[in-house]
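The figures that follow rest on heavy atoms only: side chains count, while hydrogens, waters and symmetry mates do not. Positions are given from 1, in the same order as the sequence printed here.
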Amino acid sequence: QVQLGESGGGLVQPGGSLRLSCTASRSIVSINAMGWYRQAPGKQRELVAAITQGGTTTYAESVKDRFTISRDNAKNTVYLQMNSLKPEDTAVYYCNAKLIPAYGVAYERSYWGQGTQVTVSS
């Protein structure tokens with residue numbers, strides 16, 4: 001029920017910055033939470049940052065003080081501003097949307113973007 005389109009990935013030097021964008025097919029006001037995950041080769045997908053309907057944010061410890069998640073409700077878009085990038089940030093980054101039905105959190109549904117490659121290298 002939610003289509004997610006991502007953009008903004010690319011190649012950047014260590015210490016550089018990128019901004020990822022995720023645009024949803026419906027108002028993000030109606031989405032319980034949106035976030036960014038990443039997956040490096042041979043590793044599990046991990047949560048990078050998330051933001052709830054109410055604006056509460058969550059960050060992985062490894063990206064705190066470097067990454068910032070934000071949203072533009074008018075554009076149905078969530079952003080991930082990534083600063084001071086490190087080689088270990090290299091991964092495919094996926095946008096995620098969570099919808100939690102009123103009848104129970106156990107019936108939560110997740111929707112994923114196609115992923116965008118972020119490569120941090122000199």
Side-chain angles (χ1 to χ4, degrees):
Q1 290 186 317
V2 182
Q3 311 299 122
L4 303 173
E6 301 169 342
S7 63
L11 175 64
V12 65
Q13 295 183 347
S17 298
L18 285 173
R19 188 180 73 164
L20 305 183
S21 299
C22 174
T23 300
S25 61
R26 62 189 288 176
S27 173
I28 61 174
V29 173
S30 67
I31 299 174
N32 298 104
M34 296 190 69
W36 291 92
Y37 291 70
R38 67 186 181 188
Q39 187 169 22
K43 299 183 67 177
Q44 295 288 100
R45 187 173 299 185
E46 64 175 346
L47 175 68
V48 177
I51 186 167
T52 69
Q53 286 175 306
T56 302
T57 57
T58 302
Y59 296 94
E61 187 66 29
S62 61
V63 307
K64 277 189 174 181
D65 302 320
R66 297 190 298 120
F67 292 9
T68 302
I69 188 169
S70 63
R71 66 189 188 201
D72 185 334
N73 292 340
K75 295 182 178 180
N76 295 333
T77 299
V78 173
Y79 303 97
L80 183 66
Q81 179 67 47
M82 305 186 294
N83 298 325
S84 302
L85 283 162
K86 305 174 181 179
E88 52 262 42
D89 295 318
T90 296
V92 178
Y93 284 70
Y94 297 90
C95 184
N96 172 260
K98 289 185 177 180
L99 295 176
I100 303 174
Y103 50 84
V105 67
Y107 300 93
E108 173 187 296
R109 296 289 184 270
S110 289
Y111 300 87
W112 296 91
Q114 79 284 355
T116 184
Q117 177 71 48
V118 172
T119 302
V120 184
S121 176
S122 60

Looking at every non-hydrogen atom in both residues, tell me the closest pair between Tyr94 and Gly115 and how far apart they are.
CD2-CA, 3.5 Å

Quick check: does any side chain N or O of Gln81 sit under 3.5 Å from a backbone N or O of Thr68, one acting as donor and the other as acceptor?
no

Has the side chain of Thr23 got a donor or acceptor atom that lies under 3.5 Å from a matching backbone atom of Thr77?
no

Mind listing the closest non-hydrogen atom pair of Asn76 and Ser27 along with its distance?
OD1-CA, 3.2 Å

With sequence neighbours left out, the residues meeting side-chain hydrogen bond (donor to acceptor under 3.5 Å, both in side chains) with Glu108 are none

Exam field: side chain Arg26 to backbone Gln3, donor-acceptor pair closer than 3.5 Å
no

Identify the two heavy atoms, one from Met82 and one from Tyr93, that lie closest to each other, and give their separation to 0.1 Å.
SD-CE2, 3.9 Å

Treating Gln114 as the side-chain partner and Glu6 as the backbone partner, does any N or O pair qualify as donor plus acceptor under 3.5 Å?
yes

Just by distance, do the side chain of Arg38 and the backbone of Trp36 share a donor-acceptor pair under 3.5 Å?
no

Is it possible for you to check whether Arg45 lies under 6.0 Å from the centre of the six-membered ring of Tyr37, through NZ or CZ, and within 45° of that ring's axis?
no

A quick test of your reading: do over 12 heavy atoms of other residues, nucleotides or ligands sit less than 6.0 Å from CD of Gln44?
no

Shortest non-hydrogen contact from Ser84 to Asp89?
O-OD2, 4.4 Å

Between Arg71 (side chain) and Gln53 (backbone), is there a donor-acceptor pair under 3.5 Å?
yes

